[in-house]
J.: 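I have a structure here, written as structure tokens, and I will follow up with some questions on it.
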Amino acid sequence: MKVYSALYLSATLVPVCNAFTVISVGKNRFSINIPLFVGNDSDEGEATSAEEVTVIDTIDVIEVVHEVEDEPDKVATGIVETSRILQQLLMVAASTDRGQFATKSQKESMEEIISQLEAKNFSEGFRRPCETTEIEGTWELLYSSTQLFRSSPFFMAGRAVCQTDEEAQNYDWFCDMHRAALAVSEIGKVRQIISSDRMVSEFEVNVGSVPFLSDFTPFKYSGGLPLTINGAIVSSADITPTNEGTAWEIFMDKVEIKGSNIPFLRSILDDERVALKSRSLGSLLEENLSGYSNPCPIFETTYLDESIRISRDQDGKIFVYGKMSDDTEQTEYTSVEADFGLLGLLEGLNDNFFKFSI
């Protein structure tokens with residue numbers, strides 16, 4: 001970008017020097033505050049040094065003419081290219097159910113797409129994202145190159161305990177087997193709620209509460225009932241930006257079960273005393289196990305715009321989030337009824353078949 005070396009306003013000369021203050025910068029224009037000088041009599045085209053003029057006042061200049069060589073075309077091309085890459089990313093994320101059913105080739109393709117976004121972000125002046133207010137808010141997981149629950153700081157802390165590559169591989173295997181063992185469950189919303197110093201992970205799941213009746217009856221086929229067990233695993237942690245401002249150091253705090261719809265158990269789970277206070281447990285281990293320290297995993301932000309955030313854990317595993325809102329309050333699950341969903345089922349039957357007025 002080339003800015004004119006001097007700006008003439010009527011009969012006064014304003015040399016470009018350190019005396020002016022930029023108030024705001026917009027596309028192809030500046031808004032600045034400039035000292036107003038009175039100079040010696042000279043031809044309009046003759047240069048006048050800063051020493052030959054006297055400051056008499058300051059004025060606000062809303063528009064300053066400047067020359068930008070091919071900038072509009074470059075900006076437009078960059079926007080179109082970024083939009084194209086984001087479209088590819090979202091298509092793969094949607095078609096693979098957030099990466100859960102992605103093939104090896106799809107994961108490789110997604111890695112390439114994300115690498116392009118990360119490269120563009122840094123080339124455009126991407127700096128210290130974890131210190132900006134733009135990163136605060138409610139983010140939903142759109143894609144992961146690993147198990148979705150590893151978006152939780154609890155599982156990141158579990159990985160950080162591993163000291164060797166072999167231990168890390170064993171932990172990956174454990175996470176895969178953990179998901180396989182819970183294959184009958186369906187993963188719902190996976191969120192990260194980010195504030196200036198806190199991360200709350202919400203992992204919603206549901207599972208059928210009444211099994212296939214053919215397992216217990218002589219009938220050749222009988223389906224289950226549309227009743228489910230619902231709940232959210234909520235993990236909370238403190239976050240501190242690293243010195244570079246591109247990542248957080250995560251200090252795990254506690255794990256809670258929220259919004260369970262299991263009668264009687266709900267009141268127990270809502271009690272703060274039954275929360276898994278992993279930080280306190282870690283402190284106890286530090287005091288009694290030589291060489292153990294509370295894990296503080298690093299979670300890096302490699303791309304950030306107003307709607308998309310891309311993060312990587314310490315192994316480079318990818319997590320893509322979409323920003324839902326600027327809200328930094330965690331979800332309230334008090335409205336969830338502890339009835340296995342039976343009330344909703346009865347209401348649906350009545351509305352669609354029986355039509356009783358209640």
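We're numbering straight along the sequence, starting at 1.
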J.: Say whether, by atom type as modelled, one donor and one acceptor occur between the side chain of N261 and the main chain of N230 under 3.5 angstrom.
T.: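 Confirmed, N261 side chain pairs with N230 backbone.
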J.: Just wondering, are more than 12 heavy atoms of other shown residues or ligands nearer than 6.0 Å to CD in Q100?
T.: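 Yes, because the 6.0 Å sphere around CD of Q100 holds more than 12 heavy atoms from other groups.
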J.: Report yes if the side chains of R84 and E81 come closer than 4.5 Å at any heavy-atom pair, otherwise no.
T.: yes
J.: Please report the closest heavy-atom contact between S267 and F264, naming both atoms and the distance.
T.: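 Reported closest heavy-atom pair: OG-O, 2.9 Å.
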J.: Contact between T331 and K189 at the side-chain level, heavy atoms closer than 4.5 Å - yes or no?
T.: no
J.: Side chains of D176 and Q147: do they bring a donor and an acceptor to under 3.5 Å?
T.: yes
J.: When you look at R159 and D315, which way does the salt bridge (Lys or Arg N to Asp or Glu O under 4.0 Å) test go after all the steps?
T.: CA-CA 9 Å; R159 164 61 185 91; D315 296 317; 2.6 Å; yes
J.: Are V274 and L284 joined in one hydrophobic group, where the rule is that I, L, V, M, F, W and Y side chains link up if heavy atoms are under 4.5 Å apart?
T.: no
J.: Could you grab the distance from atom CG of D305 to atom CD1 of I310, nearest 0.5 Å is fine?
T.: 8.5 Å
J.: Heavy atoms, side chains only, cut-off 4.5 Å: are M110 and S145 in contact?
T.: no
J.: Check for a donor-acceptor pair, side chain of Q163 on one end and backbone N or O of V161 on the other, with a separation under 3.5 Å.
T.: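 Checking the backbone N and O of V161 against the side chain of Q163, a donor-acceptor pair under 3.5 Å is found.
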J.: Within the side chain of Q330, is there an N or O that forms a donor-acceptor pair under 3.5 Å with the backbone of I193?
T.: no
J.: Would you compute the distance between atom CE of M252 and atom CG of D238 and round it to the nearest 0.5 angstrom?
T.: 10.0 Å
J.: Identify whether I298 and I194 are in the same connected component of the hydrophobic contact network (ILVMFWY, side-chain heavy atoms under 4.5 Å).
T.: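 Not linked; separate clusters.
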J.: In sequence, state the C-alpha distance, the side-chain angles, and the governing distance for I233 and I257, and then conclude on side-chain contact (heavy atoms from CB on, under 4.5 Å).
T.: CA-CA 5 Å; I233 304 169; I257 306 297; 3.9 Å; yes
J.: Do the charged groups of K254 and E272 touch, with an N to O distance under 4.0 Å?
T.: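 A salt bridge links K254 with E272.
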J.: Should the heavy atoms of other residues, nucleotides or ligands under 6.0 Å from CG of N243 be counted, would the total exceed 12?
T.: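 For N243, atom CG is not crowded (no more than 12 foreign heavy atoms under 6.0 Å).
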J.: Quick check: does any side chain N or O of S109 sit under 3.5 Å from a backbone N or O of S105, one acting as donor and the other as acceptor?
T.: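 Pair absent, no side-chain N/O of S109 close to backbone of S105.
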J.: Do I262 and F203 land in one hydrophobic cluster if side-chain heavy atoms of ILVMFWY residues count as linked below 4.5 Å?
T.: yes
J.: Start with the C-alpha distance between L182 and V205, add both sets of side-chain angles, then the distance that settles side-chain contact (heavy atoms from CB on, under 4.5 Å), and finish with yes or no.
T.: CA-CA 10 Å; L182 300 175; V205 294; over 6 Å; no
J.: Considering only heavy atoms from C-beta outward, does the side chain of V336 approach that of K258 to under 4.5 Å?
T.: no
J.: Taking only residues two or more places apart in sequence, or in another chain, which ones meet F319 in a ring pair (Phe, Tyr, Trp, His ring centres under 6.0 Å)?
T.: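 Testing F319 for ring pair (Phe, Tyr, Trp, His ring centres under 6.0 Å), a comparison that skips the adjacent residues, returns F299.
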J.: Decide side-chain contact (heavy atoms from CB on, under 4.5 Å) for V92 and Q88; before the verdict, give the C-alpha distance in whole Å, the side-chain angles of both, and the deciding distance to 0.1 Å.
T.: CA-CA 6 Å; V92 176; Q88 290 178 332; 5.7 Å; no
J.: With rounding to the nearest 0.5 angstrom, report the CG to CZ distance, L304 to R128.
T.: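 One gets 14.5 Å once the value is rounded to the nearest 0.5 Å.
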J.: For E136 and T133, indicate whether the former's side chain and the latter's backbone hold a donor-acceptor pair under 3.5 Å.
T.: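 Such a contact is absent between E136 side chain and T133 backbone.
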J.: To check you understand the geometry: which heavy-atom pair defines the closest contact between I308 and G322, and what is its length?
T.: CD1-CA, 4.5 Å
J.: Looking only at heavy atoms, what is the nearest atom pair of C162 and A168, with distance?
T.: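 Smallest interatomic distance, heavy atoms only, reads CB-N, 3.9 Å.
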J.: Does a side-chain heavy-atom distance below 4.5 Å link R198 with D253?
T.: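 R198 reaches D253 side chain to side chain.
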J.: For residues V200 and S236, report the shortest heavy-atom separation together with the two atoms involved.
T.: CG2-OG, 4.0 Å
J.: What pair of heavy atoms forms the shortest contact from L269 to S260, and how long is it?
T.: CD1-CB, 3.7 Å
J.: How long is the span from the CG atom in D313 to the CE atom in M156, to the nearest 0.5 Å?
T.: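 Those atoms lie 7.0 Å apart.
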J.: Roughly how far, to the nearest 0.5 Å, is CE of M91 from OG1 of T96?
T.: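 With rounding to 0.5 Å, OG1 (T96) is 11.5 Å from CE (M91).
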J.: Does the side chain of T240 reach to within under 4.5 Å of the side chain of F251, using non-hydrogen atoms?
T.: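 Result no, sub-4.5 Å side-chain heavy-atom pair not found.
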J.: Main chain of F155, side chain of Y171: is a donor-acceptor contact present, judged purely on distance under 3.5 Å?
T.: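 Checked: pair present.
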J.: Side-chain heavy atoms under 4.5 angstrom apart, residues restricted to Ile, Leu, Val, Met, Phe, Trp, Tyr: same cluster for M324 and Y143?
T.: no
J.: What's the separation between atom CD in Q116 and atom OG1 in T82, rounded to the nearest 0.5 Å?
T.: 10.0 Å
J.: Test side-chain contact (heavy atoms from CB on, under 4.5 Å) on Q192 and R309; report intermediate values, then the result.
T.: CA-CA 11 Å; Q192 280 187 353; R309 171 167 62 95; 2.9 Å; yes
J.: Taking atom CG as the centre, does D165 end up with more than 12 heavy-atom neighbours from other residues, nucleotides or ligands that are less than 6.0 angstrom away?
T.: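 Not more than 12 within 6.0 Å, no.
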J.: Look at D172 together with R150 and state whether they make a salt bridge at an N to O cut-off of under 4.0 Å.
T.: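 Looking at R150 together with D172, the answer is yes, because their closest N to O distance falls below 4.0 Å.
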J.: Are any non-hydrogen side-chain atoms of R312 and I114 less than 4.5 angstrom apart?
T.: yes
J.: Taking a hydrophobic cluster as the set of Ile, Leu, Val, Met, Phe, Trp and Tyr residues connected by side-chain heavy atoms closer than 4.5 Å, whether directly or through intermediates, do M199 and F154 fall within one such cluster?
T.: yes
J.: Is the shortest heavy-atom distance from the side chain of I135 to the side chain of Y321 under 4.5 Å?
T.: no
J.: Strictly distance-based, threshold 3.5 Å: is any side-chain N or O of Q314 a donor or acceptor partner for the main-chain N or O of P297?
T.: no
J.: Looking at P129, is its backbone amide N or carbonyl O close enough to the side chain of T132 to form a donor-acceptor pair, meaning the two atoms are under 3.5 Å apart?
T.: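 Indeed, once roles are kept as given, a pair shorter than 3.5 Å links the two residues.
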J.: Closest approach of L141 and S151, non-hydrogen atoms and distance?
T.: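 Shortest heavy-atom contact: CD2-CB, 4.3 Å.
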J.: Pick one: which of S201, S152, S278 meets side-chain hydrogen bond (donor to acceptor under 3.5 Å, both in side chains) with S235?
T.: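 Of all the options given, the one that passes is S152.
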J.: Check for me whether R179 meets the cation-pi criterion with F149, that is, NZ or CZ under 6.0 Å from the six-membered ring centre and within 45 degrees of the ring axis.
T.: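 Judged by the rule (NZ or CZ under 6.0 Å from the ring centre, within 45° of its axis), R179 is not positioned above F149.
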